[in-house]
Protein chains: 2
Amino acid sequence: MTSALISAAKSNREPFPVPEGTLQGLSIDNLIFGLHGSELKVLLIKHGEGIREGEWALPGGWIKQNEDLREAASRLLRDLTGISHPYLEQLKAFGKVDRYPAERVVTITYYALISADQYPLVAGFSASDASWVSAFDTPALVFDHKEILTYGIQLLQHQVRHKPIGFNLLPEKFTLLQLQELYEAILNIKLDKPNFRRKFMKMNLLTPCNEKQKGVAHRAANLYRFDKDNYSNLTEQGFSFEV
Amino acid sequence: MTSALISAAKSNREPFPVPEGTLQGLSIDNLIFGLHGSELKVLLIKHGEGIREGEWALPGGWIKQNEDLREAASRLLRDLTGISHPYLEQLKAFGKVDRYPAERVVTITYYALISADQYPLVAGFSASDASWVSAFDTPALVFDHKEILTYGIQLLQHQVRHKPIGFNLLPEKFTLLQLQELYEAILNIKLDKPNFRRKFMKMNLLTPCNEKQKGVAHRAANLYRFDKDNYSNLTEQGFSFEV
DNA sequence: CAGCTTGTGGTCAAAACGACAATAAGGCTA
DNA sequence: TAGCCTTATTGTCGTTTTGACCACAAGCTG
């Protein structure tokens with residue numbers, strides 16, 4: 001990332017001036033989730049200049065005249081993390097009259113799920129610019145960003161039980177225990193290992209890699225990958241994912 | 001509804017001029033669902049003047065400077081139907097660059113569920129202005145409204161299975177068969193009567209009214225109402241609604 | 001009254017769930 | 001190398017839920 005981009009991203013949440021060639025009164029904010037160890041984290045930006053210096057915010061920015069909403073969210077995510085094809089879905093538009101200082105700004109929020117191996121470190125940004133924070137225990141956030149986060153977590157908790165999106169938080173190859181810990185982290189629950197395993201295996205959504213975990217000080221687990229194609233087949237037949 | 005309001009609503013989807021005192025480049029569109037008999041319907045507006053004359057569209061309008069997004073959606077719904085406290089949730093923001101002619105307009109869509117007894121007839125509008133159309137079989141719609149409808153139906157089908165929102169489509173007091181037919185209509189499936197009944201009763205979400213159906217040419221069924229308070233209690237205890 | 005339609009309760013086998021015991025497979029350490 | 005420790009994986013079993021279907025009840029209609 002060029003330093004111009006970094007500087008743009010750093011100041012992208014500052015009230016004014018809004019860059020030329022972008023839509024007025026409309027912004028994008030991204031809720032970027034990651035799973036670190038077995039903790040659900042969210043990527044926050046610390047404002048480096050201006051009035052909001054030192055405060056934490058969701059990464060966001062403005063929408064260009066000639067780009068779709070999703071494109072804008074995707075571009076902002078890419079500029080920040082370098083990730084080009086994330087799992088990215090619209091969360092909600094937030095538009096309370098006074099949510100943003102000085103001017104009426106409606107923000108359209110997206111949430112992204114990225115896996116730790118796609119984005120092991122905060123590249124381009126120093127640790128003081130951006131950092132992963134426990135999603136359930138963040139510092140105070142600017143504007144209505146806390147409300148956005150709370151809403152996003154609730155949606156994530158709901159979605160993860162009803163759609164197979166959790167895989168996006170894992171590396172391509174993963175063990176069943178990793179998958180289980182993902183659910184435990186997001187939903188704040190404890191699950192029974194043998195039962196969880198059977199339930200998932202019966203869905204026929206996991207393809208064994210015929211490979212084992214490496215570098216662990218105990219019996220190595222089998223690695224699996226999410227079988228997207230079979231998921232498409234199954235959903236066409238009326239299959240519904242539920243955990 | 002005054003004729004001024006009617007006229008405003010009639011022309012509210014015409015490209016320009018946009019009324020003074022509203023946000024630029026941002027509109028609201030409402031997806032209003034109703035259950036008529038046992039068919040899922042959606043409320044559409046036929047454009048009465050201008051270029052789009054005769055074409056069907058979702059009812060919508062512009063957002064005032066001093067009103068929240070939800071307020072705007074709620075006001076537009078109220079002006080159209082007279083209903084003040086509908087079930088109303090944000091659907092999604094649609095913002096493709098060319099979705100709207102001549103100018104970039106992002107629209108934030110809401111979906112409402114209203115019961116036939118709240119809105120038995122199209123009041124204020126003549127039948128040629130607004131009408132209930134089968135949600136699964138509509139005429140062609142302007143702009144990207146068909147896409148919005150498709151997305152809305154999918155969300156409704158998902159939500160209705162995972163949250164007790166279906167009740168909003170029924171009158172306050174309803175029979176179990178009405179409830180079952182609601183699910184059959186929205187999900188396009190057939191359900192077993194005794195099993196459906198037991199499943200629902202076990203959830204403890206229905207309070208018997210100790211009243212029976214009237215005016216039917218067969219054995220009268222018991223009437224129930226949705227127990228919102230108990231639903232709150234149960235969800236706090238980790239209860240999750242699934243049909 | 002017989003006949004029709006819908007409501008409501010019962011049954012039963014199959015499947016799913018949940019708790020927990022038992023065994024397998026590795027690496028580690030003495 | 002022999003145990004020890006940790007995690008993976010399989011098995012078992014009683015309970016609950018599901019789904020298909022039968023039977024009877026209740027009320028209106030002719």
Side-chain angles (χ1 to χ4, degrees), chain A residues 35 37-38 160-162 164 170-171 173-185 187-226 234 237-243, chain B residues 35 37-38 160-162 164 170-171 173-185 187-226 234 237-243:
Chain A
L35 197 67
S38 60
V160 89
R161 296 192 52 218
H162 302 297
L170 295 177
K173 301 173 182 181
F174 51 86
T175 69
L176 285 164
L177 186 58
Q178 278 178 290
L179 188 60
Q180 179 181 340
E181 285 173 343
L182 181 152
Y183 280 91
E184 294 180 336
L187 301 174
N188 280 315
I189 52 173
K190 259 300 186 191
L191 294 166
D192 179 86
K193 218 193 302 185
N195 293 338
F196 178 85
R197 147 190 225 82
R198 268 186 290 260
K199 185 160 188 174
F200 243 99
M201 292 311 280
K202 194 160 30 179
M203 291 186 197
N204 279 103
L205 292 178
L206 300 180
T207 309
C209 298
N210 300 317
E211 241 179 283
K212 287 193 186 290
Q213 223 179 1
K214 275 171 189 152
V216 287
H218 54 79
R219 173 173 177 185
N222 272 315
L223 291 171
Y224 297 87
R225 74 181 78 219
F226 173 55
L234 290 172
Q237 295 162 32
F239 165 83
S240 134
F241 178 89
E242 311 259 323
V243 176
Chain B
L35 196 67
S38 59
V160 89
R161 296 191 52 217
H162 302 296
L170 296 177
K173 301 173 183 181
F174 51 85
T175 69
L176 285 165
L177 186 56
Q178 278 178 292
L179 188 61
Q180 179 181 341
E181 285 174 343
L182 181 153
Y183 280 92
E184 294 180 336
L187 301 174
N188 279 315
I189 53 173
K190 259 299 187 192
L191 294 165
D192 178 84
K193 221 194 296 185
N195 293 338
F196 179 85
R197 146 191 225 82
R198 269 187 288 262
K199 185 160 189 174
F200 243 98
M201 292 311 280
K202 193 160 34 178
M203 290 188 199
N204 281 103
L205 292 177
L206 301 180
T207 307
C209 299
N210 300 318
E211 242 179 281
K212 288 194 185 289
Q213 227 178 357
K214 274 171 190 154
V216 287
H218 55 79
R219 173 175 174 184
N222 273 316
L223 291 171
Y224 297 88
R225 74 181 78 221
F226 174 54
L234 290 172
Q237 294 162 32
F239 165 83
S240 134
F241 178 89
E242 311 259 326
V243 177

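- Across all strands, Lys212(A) comes closer than 4.0 Å only to sugar-phosphate atoms, never to a base (heavy-atom distances).
- Put simply, CG on Leu179(A) and OH on Tyr224(A) are 11.0 Å apart, with the number rounded to the nearest 0.5 Å.
- At a non-hydrogen distance threshold of 4.0 Å, Arg197(A), Arg198(A) from residues 196-208 of chain A come into contact with DNA chain D.
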Side-chain polar contacts of residues 214-222 of chain B - donor-acceptor pairs under 3.5 angstrom, sequence neighbours left out - could you list them?
from, atom 1, to, atom 2, distance (Å)
Asn222(B), OD1, Lys212(B), NZ, 3.4

For residues 198-211 of chain A, tabulate all N or O donor-acceptor pairs below 3.5 Å that involve a side-chain atom, not counting sequence neighbours.
from, atom 1, to, atom 2, distance (Å)
Arg198(A), NH2, Asn195(A), OD1, 3.2
Thr207(A), OG1, Asp227(A), OD2, 3.1
Glu211(A), OE1, Lys173(A), NZ, 2.7

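- With sequence neighbours left out, Arg197(A) forms a side-chain hydrogen bond (donor to acceptor under 3.5 Å, both in side chains) with no residue at all.
- Judged as a salt bridge (charged side-chain N to carboxylate O under 4.0 Å, His left out), and not counting sequence neighbours, the contacts of Lys190(A) are Glu184(A).
- Of all nucleotides in DNA chain D having an atom under 4.0 Å from a heavy atom of chain B, the first and last in 5' to 3' order are dT18(D) to dC28(D).
- The CG atom of Leu177(A) sits 8.0 Å away from the CD atom of Gln213(A) when rounded to the nearest 0.5 Å.
- Residues forming a ring pair (Phe, Tyr, Trp, His ring centres under 6.0 Å) with Phe174(B) (at least two apart in sequence, or on another chain): Phe167(B).
- Mapped onto DNA chain C by nearest heavy atom, Asp192(A) and Lys193(B) fall at different nucleotides, with Lys193(B) at the one closer to the 5' end.
- Considering only residues two or more places apart in sequence or on other chains, Arg161(B) meets the salt bridge (charged side-chain N to carboxylate O under 4.0 Å, His left out) condition with none of them.
- Of all heavy-atom pairs between Ala185(A) and Ser38(A), the closest is CB-O, 3.3 Å.
- Nearer to the 5' terminus of DNA chain D, by closest-nucleotide assignment, is the contact made by Ala221(A) (compared with the other of Ala221(A) and Asn195(A)).
- We find the CG-CG distance between Leu187(A) and Leu182(A) to be 8.5 Å, quoted to the nearest 0.5 Å.
- If you walk DNA chain C from 5' to 3' and mark each nucleotide with an atom closer than 4.0 Å to a heavy atom of chain B, the marks span dT5(C) to dT11(C).
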